[in-house]
Amino acid sequence: MRTVSAKLKHIGTSLSSSSRPYSLTPLASSHGKPRNPPSPTLLNEFVNFCYQRDLPKAMNAMAAMERHGIYADSITYSELIKCCLARNAVEQGKLVHKHVFSNGYQPKTFLINILISMYVKFKLLDEAQALFDQMRERNVVSWTTMISAYANAKLSDKALEFFVLMLREGVLPNMFTFSSVLRACNGLFNVRQLHCGMVKLGLESDVFVRSALIDVYSKLDELKDAICVFNEMETKDLVVWNSIIGGLAQNSDGDEALDQFKRMKRAGFTADQATLTSVLRACTGLALLEVGRQVHVHVLKFDVDLILNNALLDMYCKSGSLEDAKSVFERMVHRDVISWSTMIAGLAQNGFSQEALKLFDLMKASGIKPNYITILGVLFACSHAGLVDDGLYYFRSMKRLYGIDPGREHYGCIIDLLGRAGKVDEAVSLVQEMECEPDAVTWRTLLGACKVHRNVDLAIYAAKQVLKLDPEDAGTYVLLSNIYANSQRWEDVSEIRRQMREKGITKEPGCSWIEVNKQIHAFIVGDTAHPEINEINRWLNQLIHKLMGIGYVPDTNFVLQDLEGEQRDDSLWYHSEKLAIVFGLMSLSSGSVIRIRKNLRICGDCHTFAKLVAKTECRVIVIRDPIRYHHFQNGVCSCGDYW
DNA sequence: TTAGGGTTAG
């Protein structure tokens, strides 16, 4: 930081070195009346107050100077503006603006840019825009300040419009402009055009521009381009690493995100809050509890970072480790609506509905206003606990109490709630009353209700609606085919299979993952690849026969039940989650929880199997499928046998 | 005087 004496020396030099003592004192050619040269004493006092960030004294000094007809120069005004910004003093900032333009003076572009930037930082875009409009000359900084302001305010069209206007005025963009305008891009076409523009201007190698490019390609789901931009970089900094790790984690490519994280560490970088947040997100997606715990150790360095703690909380919730999640939540120094919503949804999804609803009350009591997602967690909790009246109350009153319009997801929760309670007709009525158009997820939810309550006709109707909106949904094709087969509608069965062949739709094979000693073991249905598969199968056969001895009957009635479509009796025995459960029994110590993640919904038979294994082997088994969490303990499941 | 990265549902 510059010392006061250095500053004074600087001022002294300015005063003595030129016939125009203050370099930015208006010249005769400036608009407005020429200003008197400043008095060194008054000016020195004023400058000192500015550098000391003593805003009240600086403002008084400025007024005193102006009473003598003395005006500061642009550099000093810019220091005063920094003073206002440091103190978040909006009104004083506006006053400085008036002083800068007082006496008909027309300040230099440099100073007007600083004033615009001040208004942007105060989030007063209208004031910034008005000042920008008044400018006689706008340079690249003026334009970039406005573009960046609109990009930050999520007014993408406005930011892009300014970029085009800037080009039309013949102002050449620089790397600052590109990294700002990229954030406003929401279409691939724009990004490619901009990318070409940067290459032409030789700005592509700038590290800020590159990280913005990686980020925007990732957000547009163009990971190949993001990785390409990243790999082409010879010099990478931490933000660039964070951009690619974050992009991968947000695009459900957790494995690759964790690989890049390892490469980043090998390259000598130390993770910061943003890195750890993305790494936790990758762990969350993969349900890697043990790896997540390792990351937790590093999170302790940043224990007041809200975003990072929210990510940690979510990791524990989604890995099914509610005790850890509660502990993180209790210890958080600050909690925002995301912290509360994450915890409420985490409790609800893991089967702790009453706790979730109690937490919602606590949240409101603590003065935090619920948002769209909070209410989803609350409705989910009601649905899980079969609290039809409460769920309908929250749903019907959300607009009135919290100002939140019910969206498709809220309708989905209530359809699920009514379906779970056997009120399928009411669920249909709700679909009909929806203000927004039902989508494939809505119909799939209704299909779930039909599945449980064996409502074949409605199931066929709902399945057809799903396929209209999502013609690639293999699970629904298989389900529909099974429904027809059960009704001996063989022509319809053939038609469904023909459609699947024609469209090249194949069912994704069922896959389950389990983490043992920080290694991930993956099992595919009917797996033969795992090195211990023979031992696993031997255990599995013994276990199935043991369970059959206490009444387990493999459930081969898959109609309206098997969302995987793994309907053959022999494959039933080798469903991926059964293999993973047995591997967990073989590999994990007797007290530890068996945690499994699945890519497809669990079938009815595996659900029964898991409940019985949990009972006979005295284990807690947690299976996370794409939609729900199942905690199996003492022969029961937290989902209440509805999923 | 202008620029880049991280959190909740689905």
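The model shown is predicted, which means the values in this text are computed figures rather than measured ones. What you see below is based on every heavy atom in this structure, not just the backbone, and it leaves out hydrogens, waters and symmetry mates. Chain letters run A, B, ... following the sequence lines, proteins first, then strands; residues in each count from 1.
Of the candidate nucleotides B/dA9, B/dT7, B/dT2, B/dA9 has the atom lying nearest to any side-chain atom of A/Leu376. Side-chain proximity of A/Gln349 to the nucleotides B/dG10, B/dT1, B/dT7 is greatest for B/dG10. Side-chain atoms of A/Ala311 lie closest to B/dT7 of the nucleotides B/dT2, B/dG6, B/dT7. With B/dG10, B/dG4, B/dT8 as the candidates, the nucleotide lying closest to the side chain of A/Phe380 is B/dG10. Relative to the side chain of A/Asn113, the nucleotides B/dT8, B/dG10, B/dT1 differ in distance, and B/dT1 lies closest. In this structure, the nucleotide among B/dT7, B/dA9, B/dG4 sitting nearest to the side chain of A/Ile373 is B/dA9. Among B/dA9, B/dT2, B/dG4, the nucleotide with an atom closest to any side-chain atom of A/Asn174 is B/dT2. Each of B/dA9, B/dT1, B/dG4 was ranked by its minimum atom distance to the side chain of A/Glu409; first place goes to B/dA9. Residue A/Ser278 places its side chain closer to B/dG6 than to any other of B/dG6, B/dT8, B/dA3. Across B/dT8, B/dG4, B/dT2, the shortest atom-to-atom separation from the side chain of A/Lys318 is found for B/dT8.
Between A/Gln250 and B/dT7, a side-chain N or O to OP1/OP2 separation shorter than 4.0 Å is present. Between A/Ser148 and B/dA3, a side-chain N or O to OP1/OP2 separation shorter than 4.0 Å is present. When the side-chain nitrogen and oxygen atoms of A/Arg281 are compared with OP1 and OP2 of B/dT7, one or more of them lie within a distance under 4.0 Å. In this structure, A/Lys219 reaches the B/dG6 phosphate: one of its side-chain N or O atoms is under 4.0 Å from OP1 or OP2.
With values rounded to the nearest 0.5 angstrom, A/Asp206 atom CG is found 6.5 Å from A/Ser179 atom OG.
Atom pair A/Leu182:CG and B/dT2:C1' shows a separation of 15 Å (rounding to whole Å applied). Protein atom CD1 of A/Ile114 is 5 Å distant from nucleotide atom C1' of B/dT1, rounded to whole Å. If you measure from atom CG of A/Asp206 to atom P of B/dT2, you get 15 Å, rounded to the nearest angstrom. Atom CZ in A/Phe269 sits about 18 Å away from atom P in B/dG6, given to the nearest Å. Rounded to whole Å, the distance from CD1 on A/Ile375 to C1' on B/dG10 is 17 Å. The interatomic distance linking A/Glu137 (CD) with B/dT1 (P) rounds to 19 Å, in whole Å. The CD1-P distance, from A/Ile244 to B/dG4, rounds to 18 Å in whole Å. At whole-Å resolution of the value, CE in A/Met233 and P in B/dG4 are 15 Å apart.
Interface remark: the A/Ser211 side chain does form a donor-acceptor pair with the B/dG4 base, using a distance-only criterion of under 3.5 Å. Contact of A/Asp305 with B/dG6 (side chain to base): a donor-acceptor pair of N or O atoms is detected under 3.5 Å.
Between A/Lys358 and A/Glu355 there is no salt bridge, since no side-chain nitrogen of the basic residue lies less than 4.0 Å from a carboxylate oxygen of the acidic one. The pair A/Lys108-A/Glu137 does not meet the salt-bridge criterion, since no charged nitrogen lies less than 4.0 angstrom from a carboxylate oxygen. The pair A/Lys364-A/Asp361 counts as a salt bridge, with a side-chain nitrogen and a carboxylate oxygen less than 4.0 angstrom apart.
When heavy atoms are screened at a 4.0 angstrom cut-off, A/Asn309 is found touching no nucleic acid atom at all. Nucleic acid contact class of A/Val207 (heavy atoms, under 4.0 Å, all strands): base. At the heavy-atom level, A/Arg210 lies nowhere under 4.0 Å from the strands shown. Contact annotation for A/Ser341: base contact, defined as any heavy-atom pair under 4.0 Å involving a base atom. Looking at heavy-atom distances under 4.0 Å, A/Val240 makes contact with a base. Contact annotation for A/Lys236: no contact, since no heavy-atom pair falls under 4.0 Å across all strands. Residue-level contact check: A/Arg183 touches the backbone only, with heavy atoms under 4.0 Å from sugar-phosphate atoms and none from bases.
A cation-pi arrangement is absent between A/Lys236 and A/Phe269, since the terminal nitrogen or guanidinium carbon is not both under 6.0 Å from the aromatic centre and inside a 45° cone about the axis.
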Self-check item: Derivation and outcome, side chain to side chain donor-acceptor pair (under 3.5 Å), residues A/His384 and A/Gln349
Solution: CA-CA 8 Å; A/His384 256 260; A/Gln349 285 166 329; over 6 Å; no
Could you tabulate the donor-acceptor pairs under 3.5 Å formed by side-chain atoms of residues 309-318 of chain A, not counting sequence neighbours?
residue  : atom : partner  : partner atom : Å
A/Asn309 : ND2  : A/Asp303 : O            : 3.2
A/Asn309 : ND2  : A/Asp305 : O            : 2.9
A/Asn310 : OD1  : A/Ser339 : OG           : 2.8
A/Asn310 : ND2  : A/Asp336 : OD1          : 3.2
A/Asp314 : OD1  : A/Lys318 : NZ           : 2.7
A/Asp314 : OD2  : A/Lys318 : NZ           : 2.9
A/Tyr316 : OH   : A/His296 : ND1          : 2.7

